[in-house]
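Please read the structure below before turning to the comments.
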Amino acid sequence: MSRKAVFMQVLFILSLAVPASTLRAAQPGPLDLRLTDCLQWGAVWKTIPLSHALGQLGGCVEGGYVLFGLEQTLRDGKEPAIKISRLDIKQGTALGAALKQILRQLPPYEIEVVSDHLIDLYPKGAKKDPENLMNLRVSAFDTSDKDAYTILGNPRVVIPALDAALTPKPEPGKRLLTLYFGGYHPPGPPVTLHLKNATVRDILNAAAVASERFFPDKEPLGWVYTFDPAKSLVSGYRYTWGTLYSLPNGWSG
């Protein structure tokens with residue numbers, strides 16, 4: 001066998017041994033989106049809450065859009081804040097690089113790309129913490145044409161196990177009255193979900209991802225979960241959820 005034939009045979013064998021995914025260039029994802037020059041933080045704030053920073057970043061991406069799922073813990077009643085003077089985010093900066101700058105100022109966070117548009121951020125180790133309410137697992141979650149905003153912003157209304165976990169046991173001989181507070185919002189995307197053995201986090205992510213198919217007729221939203229250890233469970237404000245808007249500036253449905 002000639003030297004050339006041997007060389008070609010070796011190349012053929014290598015091509016079989018190396019997965020095809022490693023031979024192709026990585027597909028761009030939401031972290032690769034570039035930022036425009038619309039960020040004007042320094043002219044308005046010295047510090048910015050983390051959830052607001054994410055909304056602002058999403059509003060300044062080009063060539064697509066991004067949604068965020070955020071888990072955060074309050075300290076002294078305040079959410080994590082970012083010092084603007086310590087950021088160097090310019091036009092053309094990749095979203096992933098900007099997020100790294102922001103999270104560098106905070107306790108260790110993890111970033112998880114959930115879909116082509118959804119990015120989760122949570123404290124490191126949160127997904128393995130048995131005390132984290134977002135890890136509460138339900139055997140089945142089924143809903144048809146449910147307003148995505150209700151699932152994202154008030155999940156205990158649609159997840160009985162979550163509501164039960166957050167409902168304090170009444171004192172003997174007394175009844176417990178539960179009140180839900182919420183403001184009006186226009187109808188969100190109607191999503192249908194059928195999930196098995198899912199965590200609360202899984203359900204919120206699935207609702208956000210399912211809402212994406214209605215874009216741009218209806219705006220998809222991300223979510224925010226906030227834990228305030230200073231609040232008591234009885235107060236009803238120790239665990240809260242909300243939606244997170246991060247669509248590019250100028251978007252209109």
Side-chain angles (χ1 to χ4, degrees), residues 29-30 51 67-74 109-172 174-182 185 187-215 218-229 231-244:
S51 61
L67 307 175
F68 292 104
L70 171 63
E71 300 181 36
Q72 60 180 357
T73 299
L74 301 189
Y109 264 73
E110 294 182 286
I111 297 178
E112 179 180 356
V113 177
V114 179
S115 74
D116 290 342
H117 300 286
L118 178 62
I119 300 172
D120 279 359
L121 297 93
Y122 43 81
K124 193 171 184 178
K127 294 186 71 172
K128 298 179 180 179
D129 183 1
E131 301 299 322
N132 187 340
L133 199 62
M134 292 291 283
N135 294 326
L136 177 69
R137 194 171 292 276
V138 297
S139 58
F141 179 80
D142 297 283
T143 186
S144 297
D145 294 329
K146 188 67 178 181
D147 186 339
Y149 297 169
T150 298
I151 301 174
L152 298 172
N154 200 357
R156 64 183 297 184
V157 171
V158 294
I159 307 176
L162 178 61
D163 185 58
L166 290 174
T167 302
K169 295 181 180 180
E171 297 179 14
K174 295 184 179 181
R175 298 180 61 185
L176 185 68
L177 177 64
T178 302
L179 299 176
Y180 291 102
F181 298 93
H185 59 72
V191 301
T192 297
L193 298 173
H194 300 291
L195 305 175
K196 300 294 184 182
N197 193 32
T199 64
V200 174
R201 186 185 298 102
D202 293 334
I203 294 171
L204 297 185
N205 283 338
V209 171
S211 73
E212 293 176 11
R213 71 184 188 90
F214 294 92
F215 182 82
K218 288 185 179 292
E219 57 190 31
L221 294 177
W223 52 268
V224 180
Y225 162 64
T226 301
F227 170 57
D228 188 349
K231 300 288 185 181
S232 67
L233 180 61
V234 178
S235 72
Y237 295 102
R238 192 176 197 185
Y239 309 93
T240 58
W241 286 265
T243 56
L244 179 55

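For the single chain, residues carry numbers from 1 onward in sequence order.
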To check you understand the geometry: which heavy-atom pair defines the closest contact between [X] and [Y], and what is its length?
{"X": "K196", "Y": "A140", "value": "NZ-CB, 4.0 Å"}
{"X": "P229", "Y": "T73", "value": "CD-CG2, 3.8 Å"}
{"X": "P190", "Y": "F214", "value": "O-CZ, 3.2 Å"}
{"X": "A148", "Y": "V191", "value": "CB-CG1, 3.9 Å"}
{"X": "G69", "Y": "L118", "value": "N-CD1, 3.8 Å"}
{"X": "T199", "Y": "M134", "value": "CB-O, 3.5 Å"}

Evaluate the side-chain proximity of [Y] to [X]: yes if any heavy-atom separation is below 4.5 Å, no if none is.
{"X": "E71", "Y": "P123", "value": "yes"}
{"X": "T192", "Y": "D145", "value": "yes"}
{"X": "P155", "Y": "L204", "value": "yes"}
{"X": "S115", "Y": "E212", "value": "yes"}
{"X": "D228", "Y": "Y237", "value": "no"}
{"X": "V158", "Y": "F141", "value": "yes"}

With a cut-off of under 6.0 Å to the ring centre and 45° to the axis, is R201 in cation-pi contact with Y122?
->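 Flagged: R201 positioned over aromatic ring of Y122.
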
So, does R238 use its side chain to make a donor-acceptor pair with the main chain of K231 at under 3.5 Å?
->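 Indeed, once roles are kept as given, a pair shorter than 3.5 Å links the two residues.
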
Donor-acceptor contact present, side-chain N135 to main-chain A126, <3.5 Å |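 Answer holds: yes.
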
Nearest-0.5 Å distance that lies between atom [atom1] in [X] and atom [atom2] in [Y]:
{"X": "L67", "Y": "T243", "atom1": "CG", "atom2": "OG1", "value": "11.0 Å"}
{"X": "I203", "Y": "I159", "atom1": "CD1", "atom2": "CD1", "value": "3.5 Å"}
{"X": "L121", "Y": "L244", "atom1": "CG", "atom2": "CG", "value": "9.5 Å"}
{"X": "W241", "Y": "L152", "atom1": "CH2", "atom2": "CG", "value": "12.5 Å"}
{"X": "T143", "Y": "I151", "atom1": "OG1", "atom2": "CD1", "value": "5.0 Å"}
{"X": "F227", "Y": "L74", "atom1": "CZ", "atom2": "CG", "value": "9.0 Å"}

Go through the steps for K127 and E110 under the test salt bridge (Lys or Arg N to Asp or Glu O under 4.0 Å), then give the verdict.
-> CA-CA 10 Å; K127 294 186 71 172; E110 294 182 286; over 6 Å; no

R213 atom CZ: more than 12 heavy-atom contacts under 6.0 Å |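 Not more than 12 within 6.0 Å, no.
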
Walk me through it: do F68 and I111 pass the test side chain to side chain contact (heavy atoms under 4.5 Å, CB included)?
-> CA-CA 10 Å; F68 292 104; I111 297 178; over 6 Å; no

Report the C-alpha separation of Y149 and N154 in whole Å, then their side-chain angles, then the decisive distance to 0.1 Å, and conclude whether the side chain to side chain contact (heavy atoms under 4.5 Å, CB included) test is met.
-> CA-CA 8 Å; Y149 297 169; N154 200 357; over 6 Å; no

Would L193 and K146 count as a side chain to side chain contact (heavy atoms under 4.5 Å, CB included) if you check the C-alpha gap in whole Å, the side-chain angles of each, and the deciding distance to 0.1 Å?
-> CA-CA 9 Å; L193 298 173; K146 188 67 178 181; over 6 Å; no

Any luck finding a side-chain donor-acceptor pair between S51 and Q72 under 3.5 Å?
->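 No, Q72 and S51 have no side-chain donor paired with an acceptor closer than 3.5 Å.
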
In this structure, which one of L136, V138, L133, N132 forms a side-chain contact (heavy atoms from CB on, under 4.5 Å) with V200?
->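 Going through the options one by one, the only one that passes is L136.
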
